[in-house]
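In what follows, chains carry the letters A, B, and so on, assigned in the order in which the sequence lines appear, proteins first and then strands, with residues in each chain numbered from 1.
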Protein chains: 2
Amino acid sequence: MTTHTAPRQQRAPRQDNRRQPLLDAAAALFRTRGFHAVTMREIAREAGMLAGSVYYHFSSKDDLLVSVYEEGVRRITERVAEACQDAETPWAKLEAACCAHTEMLLDESDYAQVILKVMPEDVPSGQAQLIDCRDEYEGLFRDLVDALPLAASVDRTIFRLTLIGALNSARNWYRPGGKSPAEVAREIMKLMKNPLLKEGSQI
Amino acid sequence: MTTHTAPRQQRAPRQDNRRQPLLDAAAALFRTRGFHAVTMREIAREAGMLAGSVYYHFSSKDDLLVSVYEEGVRRITERVAEACQDAETPWAKLEAACCAHTEMLLDESDYAQVILKVMPEDVPSGQAQLIDCRDEYEGLFRDLVDALPLAASVDRTIFRLTLIGALNSARNWYRPGGKSPAEVAREIMKLMKNPLLKEGSQI
DNA sequence: TGTTATACCAAACAAGCGTTTGTTTTAGGA
DNA sequence: TCCTAAAACAAACGCTTGTTTGGTATAACA
């Protein structure tokens with residue numbers, strides 16, 4: 001007697017599938033209010049459905065956050081990698097990367113901004129996954145910094161982390177209408193590249 | 001017939017008052033896990049009491065957070081202001097301030113670290129209060145930066161915000177055992193003060 | 001066109017939340 | 001020593017949370 005494994009026929013997703021609007025809503029809410037302050041009912045309502053329906057697409061709130069986070073890293077990685085390729089010198093590559101990074105964080109993508117707002121420790125079940133994502137993205141900048149012609153006395157690790165930290169901190173004070181995100185990024189890089197001292201002054 | 005307003009006699013707080021242990025517990029928990037992820041029951045248990053008892057000392061969870069936050073700003077302000085006074089030149093003053101700031105954020109005070117972990121928008125009812133606190137503390141750094149002999153092309157506002165942002169970002173990667181907090185702060189300042197370029201290299 | 005996996009709704013669930021209430025213990029001042 | 005305010009307990013309140021369950025409409029494929 002043969003074992004009848006059910007055919008388990010698979011079908012293409014329907015066109016009216018609302019997984020994407022759901023992710024978008026979650027990204028927007030997580031970005032502005034953080035993981036713990038947002039409820040499944042809010043996310044669902046924003047996507048035009050009920051809370052229970054979300055569980056057809058995601059197994060838990062944590063799972064939903066991880067998906068948003070991964071998509072955020074995917075998008076910013078894509079943009080930054082693309083921006084680097086157009087530049088020629090190591091410094092120009094880094095600058096292009098910083099501009100793209102800052103643009104994503106300051107006005108373009110809810111997804112990318114979730115990366116700054118949500119900390120891995122907020123989601124114990126997916127902590128390792130989020131950290132891996134972040135590390136992979138940071139590796140991009142490690143390569144760019146390693147390629148720079150820096151004085152031997154400069155600690156490249158601290159330089160890299162400080163640069164990214166400085167760019168990210170713009171999120172706390174940037175307001176649209178003044179300098180553009182790219183201008184902010186260039187200004188910050190200028191600070192770290194040029195001497196600040198007034199000519200003739202002593203330290 | 002005279003109206004007898006009750007004497008309403010006031011007494012000094014008892015010696016076994018546990019308001020302070022309560023604040024300490026709240027500071028430690030808010031710092032590591034954030035405002036929304038921490039419950040009143042946890043805070044109370046950590047301080048050795050029950051959830052309801054907390055409301056004898058604080059009118060709400062929001063109120064408790066605001067108290068912790070204000071105490072954090074008070075402590076870091078005190079330490080930074082004290083550190084500045086010992087230095088002489090503008091740059092030395094700023095460096096002393098940055099070292100003190102970084103020490104508080106990296107290993108000393110749960111209270112000070114709450115300032116980084118909790119965002120004003122987490123507590124709508126006390127948002128304005130938290131922002132005022134933060135602004136007042138930042139004013140300290142504004143004065144220090146304004147006193148620096150900088151090249152005219154440098155945007156002092158962006159310099160100040162970037163410096164603080166860079167220092168604060170160390171919270172994300174600092175690990176005890178390597179460079180001390182003060183060394184990290186000095187390294188970051190060096191990055192923003194000195195030229196990075198290798199001698200003879202082109203941009 | 002009929003079948004079925006897809007994608008949702010509607011309603012409930014247990015657990016946990018911040019907070020309130022009424023009562024009890026206890027230390028400080030007369 | 002007695003009285004009273006301080007400071008806590010014990011237990012509940014109403015509500016919200018993330019999640020589960022059972023049912024139902026419908027688009028996709030045979």
Side-chain angles (χ1 to χ4, degrees), chain A residues 4-27 29-30 33-69 118 121-127, chain B residues 4-26 29-30 33-69 118 122-127:
Chain A
H4 286 268
T5 34
R8 189 58 96 168
Q9 163 181 345
Q10 188 123 353
R11 207 176 268 188
R14 282 162 44 171
Q15 284 191 335
D16 60 344
N17 190 319
R18 280 192 272 175
R19 182 190 159 98
Q20 193 55 50
L22 195 51
L23 275 168
D24 292 347
L29 286 167
F30 286 150
R33 312 233 311 279
F35 180 68
H36 291 290
V38 169
T39 71
M40 292 299 269
R41 284 168 177 81
E42 280 180 289
I43 298 171
R45 183 178 349 114
E46 211 68 24
M49 57 174 75
L50 295 181
S53 310
V54 177
Y55 289 82
Y56 178 79
H57 297 284
F58 303 95
S59 67
S60 67
K61 190 188 179 189
D62 287 17
D63 181 35
L64 175 52
L65 187 269
V66 170
S67 295
V68 169
Y69 196 100
V118 174
E121 61 262 31
D122 286 339
V123 195
S125 84
Q127 189 168 4
Chain B
H4 286 270
T5 34
R8 187 61 93 173
Q9 163 180 349
Q10 189 123 352
R11 208 176 265 187
R14 282 206 228 155
Q15 284 192 334
D16 61 344
N17 189 319
R18 282 192 272 174
R19 182 191 159 97
Q20 193 56 49
L22 195 51
L23 276 168
D24 293 346
L29 286 167
F30 286 151
R33 310 231 314 280
F35 180 68
H36 290 291
V38 169
T39 71
M40 293 298 269
R41 285 169 175 82
E42 280 180 289
I43 298 170
R45 181 173 357 109
E46 211 68 23
M49 58 174 76
L50 297 181
S53 310
V54 177
Y55 288 81
Y56 178 78
H57 298 284
F58 303 95
S59 67
S60 67
K61 190 187 178 190
D62 286 17
D63 181 34
L64 176 52
L65 187 270
V66 169
S67 295
V68 169
Y69 196 100
V118 175
D122 287 339
V123 195
S125 84
Q127 190 168 4

Can you tell me the distance, in whole Å, between the [atom1] atom of [X] and the [atom2] atom of [N]?
| X | N | atom1 | atom2 | answer |
| --- | --- | --- | --- | --- |
| B/L65 | C/dT19 | CG | P | 12 Å |
| A/Y55 | D/dG22 | OH | C1' | 17 Å |
| A/R45 | D/dG18 | CZ | C1' | 15 Å |
| A/R11 | D/dA30 | CZ | C1' | 9 Å |
| B/Q20 | D/dA7 | CD | P | 13 Å |
| B/D62 | C/dC17 | CG | C1' | 13 Å |
| B/E42 | C/dG18 | CD | C1' | 13 Å |
| A/K61 | C/dA15 | NZ | P | 19 Å |

Pairing residues for B/R14 by the salt bridge (charged side-chain N to carboxylate O under 4.0 Å, His left out) criterion, not counting sequence neighbours: B/D16
Quick one: ring pair (Phe, Tyr, Trp, His ring centres under 6.0 Å) partners of B/Y69, sequence neighbours excluded? none
Hits for side chain to side chain contact (heavy atoms under 4.5 Å, CB included) against A/D62, two or more places apart or cross-chain, chain-then-number order -> A/F35, A/S60, A/V123, A/S125
Output all residues satisfying side chain to side chain contact (heavy atoms under 4.5 Å, CB included) with B/Q20, sequence neighbours left out; order by chain, then residue number. B/L23, B/D24, B/R75, B/Y111
Please work out if B/V38 contacts a base, only the sugar-phosphate, or nothing of the nucleic acid, heavy-atom cut-off 4.0 Å. sugar-phosphate
Does any N or O in the side chain of A/D63 come within less than 3.5 Å of the main-chain N or O of A/S59, such that one atom is a donor and the other an acceptor? yes
Under 3.5 Å, N/O pairs linking protein and nucleotides 7-9 of chain C:
unit_1, atom_1, unit_2, atom_2, d
C/dA7, OP1, A/R14, N, 2.8
C/dA7, OP1, A/N17, ND2, 2.7
C/dA7, OP2, A/Y56, OH, 3.3
C/dC8, OP1, A/R18, N, 3.4
C/dC8, OP1, A/R18, NE, 3.0
C/dC8, OP2, A/H57, NE2, 2.4
C/dC9, OP2, A/L50, N, 2.9
C/dC9, OP2, A/S53, OG, 2.8

Taking salt bridge (charged side-chain N to carboxylate O under 4.0 Å, His left out) as the cut-off, I'd like each qualifying pair that reaches into residues 38-48 of chain A, sequence neighbours left out, listed once. A/R33-A/E42
Between the base of D/dG18 and the side chain of A/R41, is there a donor and acceptor pair under 3.5 angstrom? yes
